[in-house]
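Notes to accompany the following structure.
FYI, the numbering just counts along the sequence from 1. What you see is a predicted model, and the numbers here were worked out from it, not measured in a lab.
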Amino acid sequence: MATFLYRIGRLAFRRRRLVGGLWLGALLLAVVGAAVAPAGEEEDLSMPGTESQKAFDLLDERFPQSNSQGAEARLVFRAPDGQRVTAREHRAVVEDTLGSLDGGQQVASTTDPYETGAVSEDGTIAYSTVAYTAEAVDLTGATKTALENAASQARDAGLTVEIGGSALDAEEELGGTTELIGVAVAAVVLVLALGSLVAAGLSLLTAFVGVAIAFGLVSALAVPLGLTSTVAILALMLGLAVGIDYALFITSRFRDERAQGHEPEEAAGRAVGTAGSAVVFAGATVFIALVGLGVVGIPELTKMGMGGAGAVALAVLVALTLVPALFGFFGRRVLSRAVRKAAGAPRRGAGNCATSHDEPAGDRRPIAAKPAKRIGTRWARFVLRRPAAVLMTSVLGLGAIALPALSLELGLPGDESKSVETTQRRAYDLLSEGFGPGFNGPLTVVVDMPESAGARATTNRVAETVRGVDGVASVGEPVLNRTKDTAVLTAVPRTAPNSGETKDLVHAIRGAVSDVEADTGAAVLVTGTTAMNIDISEAMSDALIPYLAVVIGLAVLLLTVVFRSVLVPVKAALGFLLSVGAAFGVLVAVFQWGWAAGLLGIEQTGPVMSLMPILIIGIVFGLAMDYEVFLLTRMREAYVHGASPGEAIVSGFRHSGRVVAAAAIIMISVFAGFVGMSSPTIQTMGVGLAAAVAFDAFVVRMAIVPAVLALLGHRAWWLPRILNRVLPNVDIEGEKLSRRVPAPATDPDAAVRRLPVGRQQH
């Protein structure tokens, strides 16, 4: 692999104009495609095979006329304190407000709360449902303005009016303050790590190219593939984070190769052949883990995984081709000013070296890198002196942070999780106050009867059975379809949609109707948004352990192949479990218990979004392997060349510690930048991924890994003979490349220049 990628790097450097032109063309096509494509629709979550999904499918088949494709708004009216909304003057205001909407643009119908009985028992709150002929994303600005103006008209008349439903829902806007801060922090870290504005700009530029193409493709394919804005944001988040990191790894290796005396083209080839091999493997692990999300069986999760995997694949391709091409355009400016001066000084004098003859070539020029390398070296030697203490402290610390994960509760957010500053949240609260907390999460009971004879008696028995279940506030009258083989009832719980009591109620209803099913032959299914959320959360909980086992097994297998060791992969997998467990602990503490929630702008606590654990496991698995590969590659490279286990650890930190730390800070900054978005899904993802990367990079990889390797010594790199013969040698460290391409002579630049191009490639 190293030799193949070496040739790609040199080819991209040599044909830089062609490579740059191709990527520019791809960028323009993606941007144009996104601009002309229609906006995608925000689809509800579904889980094929669950009872609630079967019921939804049955409703679509038996009640096609009620399967409205349009958005819906719910106008909630509240009378002033001490007054009733049923008073003549308030009733007139409500009717005038609805009259201004009825028959308006894209309005299908409006309901009169006084005729439908949509008035609270105390007469203080009423609501009207406004149905539209188009989905929320297709509602025009004039339509939404008319809705808001109608509400303002009623407010001016003295009523409190809030708007719920999907009509005002909008796709999450990008480019907010927190996202820009995250990118700014990443830029500062790049400048400090590389000591060059050009090098930092190169990494950001290539990452933005990959992200822009990925985001454009997701937007262009949103309608045909049913991709939502969450898929696009995940692609943006992942593509930006790994794109910067991968470019940083290759740029850092290119600068090391240049410092050792190789000419630019040769250095580009070597950087792509060595660091690029690690990028390919690291990107492949993220890709596989994200694509593997499809096995869970949730279409939306599958789409999120595919979108994120596509963004990661693009980041890898950009790093392997566009990054070395830009090396050709920028030349020596990729190096820091201090290194360029130091590299040029010896040529003006009589000698070729500024250091003693015994110093390795890599230490002759990288003047600006020495202080950072000394920090990494000092830390590695500190861990070598106290491995047991470092290991114990790190494991106990992560274990303590992971303890809240034992209380993990999964659910799906609704309007109750939105900011109290939004009208949707205020409408939710008004409806809960006037009609009970369960009103916002009604259950739909579907009765599928094999014969229409006795349909009314069967549905009445089902209704009586459901009414008798403890926790049901009310049950509506059954509605039969035209053929009278299917009936629908609405049951309102006494408790809120995301409460544990409502979850128990759904199971209680399903258990209570089993006798009716046995006696009548009918199938009784409980569905609705609340029941669907409960079913999805339980399915995600059931799939969590199997998916984790698959991911851990994959990690052990891949790392065994890469590092040709048995204990190193086991150690990596256990460290991954620690970092993921700690991240889950943070999610529970913040989103369930409310710790630091106000500081992060999270106004409502509740269950952790059910998609998050599996999604975080898939993403963090790949990112953890990133740091494992980049850090241990240099360690194994030193070990196989004769260094002792301890000195191999020091060598790994000297060469890769600074880069891995910078990459982790960049990734944390990018993920944390999305915490400021209003979407609970994106907020949870940002907090979880930022915490997981921080724990994995700075505790697991920087502390636990060297401590375990120090305690194991030579045994860390042991591989049974039979595995040594069976396993393929992927040569991720570029050993074959080192043997095939000669090192520079005393005058490195002159020695490489004397080699013909064919010899250098060969």
Side-chain angles (χ1 to χ4, degrees), residues 375-408 544 548 551-552 555 567-597 599-600 608 612-613 616-617 619-628 630-632 635 649-650 652-653 656-658 660-669 671-672 675 684 686-712 716:
I375 294 175
T377 301
R378 287 199 299 269
W379 170 250
R381 295 197 182 282
F382 171 81
V383 176
L384 287 175
R385 288 194 300 269
R386 301 172 180 83
V390 171
L391 177 62
M392 187 67 66
T393 302
S394 301
V395 171
L396 290 178
L398 288 181
I401 297 174
L403 282 178
L406 298 175
S407 303
L408 178 65
L544 187 60
L548 188 59
V551 167
I552 294 297
L567 297 179
V568 165
V570 173
K571 173 267 307 170
L574 294 177
F576 165 69
L577 285 175
L578 279 173
S579 57
V580 167
F584 288 172
V586 170
L587 289 180
V588 171
V590 173
F591 291 93
Q592 283 184 213
W593 299 351
W595 294 5
L599 183 64
L600 298 174
V608 174
M612 286 302 107
I616 288 175
I617 286 173
I619 296 174
V620 174
F621 162 68
L623 301 182
M625 296 308 104
D626 280 6
Y627 303 130
E628 182 79 9
F630 286 112
L631 195 58
L632 266 71
M635 293 183 188
I649 294 172
V650 174
F653 272 87
S656 298
R658 172 177 56 91
V660 168
I665 294 173
I666 289 170
M667 199 167 286
I668 293 167
S669 302
F671 289 149
V675 176
T684 308
V687 172
L689 291 178
V693 170
F695 295 139
D696 195 88
F698 293 108
V699 181
V700 174
R701 308 304 155 189
M702 294 288 189
I704 293 178
V705 166
V708 172
L709 292 179
L711 292 172
L712 291 175

**Request:** Report yes if some heavy atom in the side chain of Val660 is under 4.5 Å from a heavy atom in the side chain of Arg701; otherwise report no.
**Result:** no
**Request:** Enter the distance from Gln592:CD to Leu587:CG here, rounded to the nearest 0.5 Å.
**Result:** 9.0 Å
**Message:** Test side-chain contact (heavy atoms from CB on, under 4.5 Å) on Phe695 and Val700; report intermediate values, then the result.
**Reply:** CA-CA 6 Å; Phe695 295 139; Val700 174; 5.6 Å; no
**Message:** Measuring from atom CG of Leu398 to atom CG of Leu577, what distance do you get when rounded to the nearest 0.5 angstrom?
**Reply:** 11.5 Å
**Complete:** Nearest heavy-atom contact between Ala583 and Gly688 is CB-O, 3.8 Å
**Request:** Please report the shortest heavy-atom distance between Leu384 and Ala710, naming the atom on each side.
**Result:** CD2-CB, 3.6 Å
**Asked** Which heavy atom in Val705 sits nearest to a heavy atom in Glu628, and how many Å separate them?
**Response** CG2-OE1, 3.8 Å
**Item:** Spatial distance of atom CG (Leu567) from atom CG (Leu574) [nearest 0.5 Å]
**Value:** 10.5 Å
**Item:** Ala692 versus Val620, closest heavy-atom pair with distance
**Value:** CB-CG2, 3.4 Å
**Message:** Nearest 0.5 angstrom please: Arg381 CZ to Phe653 CZ, how far?
**Reply:** 12.5 Å
**Item:** Distance, nearest 0.5 Å, that separates CG of Leu548 from CD1 of Ile617
**Value:** 4.5 Å
**Message:** So which atom in Ala703 and which in Ser394 form the shortest heavy-atom distance, rounded to 0.1 Å?
**Reply:** CB-OG, 3.5 Å
**Request:** Return the minimal non-hydrogen interatomic distance between Met702 and Ala661, and the atom names on each side.
**Result:** CE-N, 3.7 Å
**Request:** Go through the structure and list residues passing ring pair (Phe, Tyr, Trp, His ring centres under 6.0 Å) with Phe576, not counting sequence neighbours.
**Result:** Phe621
**Message:** The criterion is ring pair (Phe, Tyr, Trp, His ring centres under 6.0 Å); which residues satisfy it with Phe630, sequence neighbours excluded?
**Reply:** Phe249
**Request:** Take Ile616 and Phe584 through the side-chain contact (heavy atoms from CB on, under 4.5 Å) test and state the conclusion after the steps.
**Result:** CA-CA 9 Å; Ile616 288 175; Phe584 288 172; 4.2 Å; yes
**Message:** Working note: Tyr627 + Met667, criterion side-chain contact (heavy atoms from CB on, under 4.5 Å); need CA distance, chi angles, decisive distance, verdict.
**Reply:** CA-CA 12 Å; Tyr627 303 130; Met667 199 167 286; 3.5 Å; yes
**Prompt:** Heavy-atom distance under 4.5 Å between the side chains of Phe382 and Thr377, does that happen here?
**Reply:** no
**Item:** Pair Lys571-Leu632, side-chain contact (heavy atoms from CB on, under 4.5 Å): steps then yes or no
**Value:** CA-CA 12 Å; Lys571 173 267 307 170; Leu632 266 71; 3.7 Å; yes
**Fill in**
One should read off an interatomic distance between Met392 CE and Ile704 CD1, to the nearest 0.5 angstrom, of 11.0 Å
